[in-house]
Visitor: 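Here's a structure for you.
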Amino acid sequence: MGILGGSQKMGGCGSPSGGWAKGLVRRKQVDSARSRSGGGGHHQLAKELSILHLIAIGVGSTIGAGVYILVGTVAREHSGPALAFSFLIAGIAAALSAFCYAELASRCPSAGSAYHYSYICVGEGVAWLIGWALLLEYTIGGSAVARGISPNLALLFGGADSLPAFLARQYIPGLDIVVDPCAAVLVILVTGLLCVGIKESTLAQGIVTTANVCAMIFVISAGTYLGFKTGWPGYELPTGYFPFGVDGMLAGSATVFFAYIGFDSVASTAEEVKNPQRDLPLGIAAALSICCALYMMVSVVVVGLVPYFAMDPDTPISSAFASHGMHWAAYIITAGAVTALCSTLMGAILPQPRILMAMARDGLLPAFFSDINKRTQVPIKSTIVTGIGSATLAFFMDVSQLAGMVSVGTLLAFTTVAISVLILRYVPPDVVPLPSSLQESIDAYSDAQESSGIISHDSGGSSKDSTQPLLGKKDASIDYPILVEKVQDILTEKKRRKIAGWTIMFTCIGAFLLTFAASSLGLSSFLRFSVCGVGVTFLLSGLIVLTCIDQDERRHKFGHAGGFICPFVPLLPITCILINLYLLINLGAATWARVSVWLIVGVLVYVFYGRTHSSLVDAVYVPADHAEEIYRSSGDSLA
């Protein structure tokens, strides 16, 4: 009936119902605060962060100690003197995801990052898997980083045995493990710092990040001086600038791409930013630009000091300076590696409690994780739990073999964010969930609309009964020309949305088929090229169709207006999907086997807890165009 089609719970307006399949695609509102209205008892996160804080988080989370090692490995095996181009291409690829994150972060500035965006645009099932995968990423990532700090600290203070006995690594014969007390202590210290407050912890991360950047600037400055003094011997080679060819340079780009992972931590703090529409896109862009510039300059200098084939794969920068007599530079470089690891540790632990909090707010995890401390305005309970988990893992396990699992969560998040941008532009949610407590207001508003003779239609689920009499009336075009024109526009819009939705799906399938066939060298040539052909056909057809059809007008009103708009849609998100799927498929079978175990556990948790405790179980879906009026009529303004 009327605008709400009877206002059926979890089924009104053609929206998802409580069934298994439809429950997986139910979507929440943009504002987490709106979905919690009337819940009471929740304190809000402190809005303390400015653009400088966001840059500190982004740069600190991205530039780890890996760059101090990565330049040697990639130069020797893939890129040669063209290492800087590898970093540039990888930076451009990362920027594609950054553009997508920037738009969604400014439109939907709530905690949860990719989990939050996918819940709004894709659905609850995908959002759960993304959030669950990100929890694994940050847990293993933080533990791996903490385990890497102690040997670097030992080198800084004189050698492998220079740390005090209570901090040094110890081998336990009975368990056949090497425990790392220093790693556990560092995780606990960072956890305590994060509990103090977001502004204080970000300030500390900014100081540590500044020290790391200063060490990299030293490498660039001193290396440039040595290079001009010695004539850049690394570039005077008979093999030329591309000894491994363009293919080698591109292979190097795929490897160094993971050096840019970390800027997404900025999006996880969206709810704590003073001016998210302006500062989040600028913070993400500035952090990624700074990282790319530093990576390129360091690689240009180091590759120029020593021929690529003579670089030490373990300590490339220190050995490059030592070959020119600057042995003391190793202390500065090691100090830079330690500060880089400490900053990355902070960046790994910071987002995890906020994702837990966002999932608990939505009812997918126990409410324990959603509590925010009244004084510090941070999710202390979630922070302590994640800190204890990461500290335990860092203490007992050598997580180096699990490092590949870190990339799965990030690449899945990048892919889903790009898909979310396509959905936002072409088929944004046309119905929104309202709390069941507003059922009376919804019914009253529906009755008022009907009694006043206003028949509203929407592409997501107008009542069939309300449209049939008008379409069946013989002289409708004479008596109601405006209404007939409106109905025709609605039918055209429904057709456009259906075409766009199917096109997005087939475009993603095409990207998967293309990347899978391109990576599966073991397949027969005929099968491989056949699958590639199908993938290319789907991909190009999808790109052409999405380019030709109009984007949804609702996109202008979706979320918070006035923020960053991702350019070159649909080309940019589709390219982003293609790159991330290629990297995901090439992570290896062993990595996927380990991740699958974690994801299966996540599915079980969702089935036995999240699905039945979701805040959308009793939600009532109404057309997005009428949600504001319903809230206003209930005395709960959206403002």
Visitor: Donor-acceptor pair, Ser61 side chain versus Gly58 backbone, under 3.5 Å?
Guide: no

Visitor: With the side chain counted from C-beta on, respond yes when Cys100 and Leu572 share a heavy-atom pair under 4.5 Å apart, and no when they do not.
Guide: yes

Visitor: Okay, side chain of Ser113, backbone of Ala267: is any donor-acceptor separation there less than 3.5 Å?
Guide: no

Visitor: What side chain to side chain donor-acceptor pair (under 3.5 Å) pairs are there with at least one residue in residues 282-291, not counting sequence neighbours?
Guide: none

Visitor: Any chance you could measure Leu167, atom CG, to Asp180, atom CG, to the nearest 0.5 Å?
Guide: 9.0 Å

Visitor: Which value, rounded to the nearest 0.5 Å, describes the distance between Ile574 atom CD1 and Ile579 atom CD1?
Guide: 12.5 Å

Visitor: Name all residues meeting the ring-ring contact (aromatic ring centres under 6.0 Å, His included) criterion together with Tyr308; count only those two or more places apart in sequence or in a different chain, and write none if there are none.
Guide: Phe244

Visitor: List the steps, then state whether side chain to side chain contact (heavy atoms under 4.5 Å, CB included) holds for Met405 with Thr139.
Guide: CA-CA 10 Å; Met405 298 171 67; Thr139 301; over 6 Å; no

Visitor: For Phe258, does the CZ atom sit with more than 12 other heavy atoms under 6.0 Å from it, leaving out its own atoms?
Guide: yes

Visitor: For the pair Gln44 and Ile372, evaluate side chain to side chain contact (heavy atoms under 4.5 Å, CB included) and give the outcome as yes or no after the intermediate values.
Guide: CA-CA 7 Å; Gln44 297 300 303; Ile372 298 175; 5.7 Å; no

Visitor: Side chains of Leu70 and Tyr295: does their closest heavy-atom pair fall under 4.5 Å?
Guide: no

Visitor: Would you say that Leu54 contacts Val273 through its side chain, given a criterion of any heavy-atom pair below 4.5 Å between the two side chains?
Guide: yes

Visitor: Within the side chain of Tyr241, is there an N or O that forms a donor-acceptor pair under 3.5 Å with the backbone of Pro81?
Guide: yes

Visitor: Counting N and O atoms only, with roles assigned by atom type, does the side chain of Trp592 sit under 3.5 Å from a partner on the main chain of Ile585, one being a donor and the other an acceptor?
Guide: no

Visitor: Do the non-hydrogen side-chain atoms of Glu48 and Thr202 ever get within less than 4.5 Å of each other?
Guide: no

Visitor: Side chain of Ser343, backbone of Thr339: donor and acceptor closer than 3.5 Å?
Guide: no

Visitor: Of all the heavy-atom pairs spanning Ile419 and Ile577, show the shortest one and how long it is.
Guide: CG1-CD1, 3.6 Å

Visitor: So if I apply the side chain to side chain contact (heavy atoms under 4.5 Å, CB included) rule between Tyr101 and each of Val421, Val417, Leu280, which one comes out positive?
Guide: Val417

Visitor: Taking the side chain as C-beta and beyond, is there a heavy-atom pair between Arg107 and Ile565 under 4.5 Å?
Guide: yes

Visitor: Taking Thr62 for the side chain and Phe263 for the main chain, is one N or O donor matched with an acceptor at less than 3.5 Å?
Guide: yes

Visitor: Mind checking the NZ-OG spacing from Lys381 to Ser370? Nearest 0.5 Å is all I need.
Guide: 8.5 Å

Visitor: Can you check whether Leu411 reaches Phe257 side chain to side chain, under 4.5 Å on heavy atoms?
Guide: yes

Visitor: Could you tell me if the side chain of Met297 sits less than 4.5 Å from the side chain of Val301, heavy atoms only?
Guide: no

Visitor: Which residues pass the side-chain contact (heavy atoms from CB on, under 4.5 Å) test with Ala222, sequence neighbours left out?
Guide: Phe218, Phe321, Met326

Visitor: I need the Glu200 CD to Leu193 CG distance, nearest 0.5 Å.
Guide: 8.5 Å

Visitor: Please report the C-alpha distance between Ile384 and Ile380 in whole Å, then the side-chain angles of each, then the deciding distance to 0.1 Å, and finally whether the side chain to side chain contact (heavy atoms under 4.5 Å, CB included) criterion is met.
Guide: CA-CA 6 Å; Ile384 292 174; Ile380 285 185; 3.5 Å; yes

Visitor: Can you pull the salt bridge (Lys or Arg N to Asp or Glu O under 4.0 Å) pairs that have at least one residue in residues 339-357, sequence neighbours excluded?
Guide: Glu272-Arg354

Visitor: Which heavy-atom pair separates Val145 from Thr344 by the least distance, and what is that distance?
Guide: CG2-CG2, 3.9 Å

Visitor: To the nearest 0.5 angstrom, please state how far the CD1 atom of Ile177 sits from the CD1 atom of Ile172.
Guide: 4.5 Å

Visitor: Can you give me the closest heavy-atom contact between Ser110 and His116, atom names plus distance?
Guide: CB-NE2, 3.4 Å

Visitor: Please answer whether the main-chain N or O of Ala251 pairs with a side-chain N or O of Thr255 as donor and acceptor at a distance below 3.5 Å.
Guide: yes

Visitor: Are the side chain of Ser390 and the backbone of Gly387 linked by a donor-acceptor contact shorter than 3.5 Å?
Guide: no

Visitor: Quick one: list whatever passes side-chain contact (heavy atoms from CB on, under 4.5 Å) with Pro316, sequence neighbours left out.
Guide: Val71, Met311

Visitor: Compare every heavy atom of Ala98 with every heavy atom of Ile284, then report the nearest pair and how far apart it is.
Guide: CG2-CB, 3.8 Å

Visitor: Answer yes or no: is there a donor N or O on one side and an acceptor on the other, between the side chain of His560 and the main chain of Pro109, under 3.5 Å?
Guide: no

Visitor: Run the side-chain hydrogen bond (donor to acceptor under 3.5 Å, both in side chains) test against Thr410 and tell me which residues pass, sequence neighbours left out.
Guide: Glu137

Visitor: I would like to know whether Ser79 and Ser86 meet side chain to side chain donor-acceptor pair (under 3.5 Å); could you show each step before the answer?
Guide: CA-CA 7 Å; Ser79 302; Ser86 293; 2.6 Å; yes

Visitor: What heavy-atom pair brings Gln352 and Leu135 nearest, and what distance separates the two atoms?
Guide: NE2-O, 3.4 Å

Visitor: Are the side chain of Tyr260 and the backbone N or O of Phe87 linked by a donor-acceptor pair below 3.5 Å?
Guide: yes

Visitor: Given Tyr68 and Asn212, is the side chain to side chain contact (heavy atoms under 4.5 Å, CB included) satisfied, shown in steps?
Guide: CA-CA 11 Å; Tyr68 292 93; Asn212 177 29; 2.8 Å; yes

Visitor: For Trp232 and Gly223, work out which heavy atoms get closest and say how close.
Guide: CH2-O, 4.0 Å

Visitor: Kindly compute the distance separating CD1 (Ile69) from OG1 (Thr73), expressed to the nearest 0.5 Å.
Guide: 7.5 Å

Visitor: So Pro379 and Leu356, do their side chains get closer than 4.5 Å, heavy atoms only?
Guide: no

Visitor: Counting only heavy atoms not in Phe228, do more than 12 sit closer than 6.0 Å to its CZ atom?
Guide: no

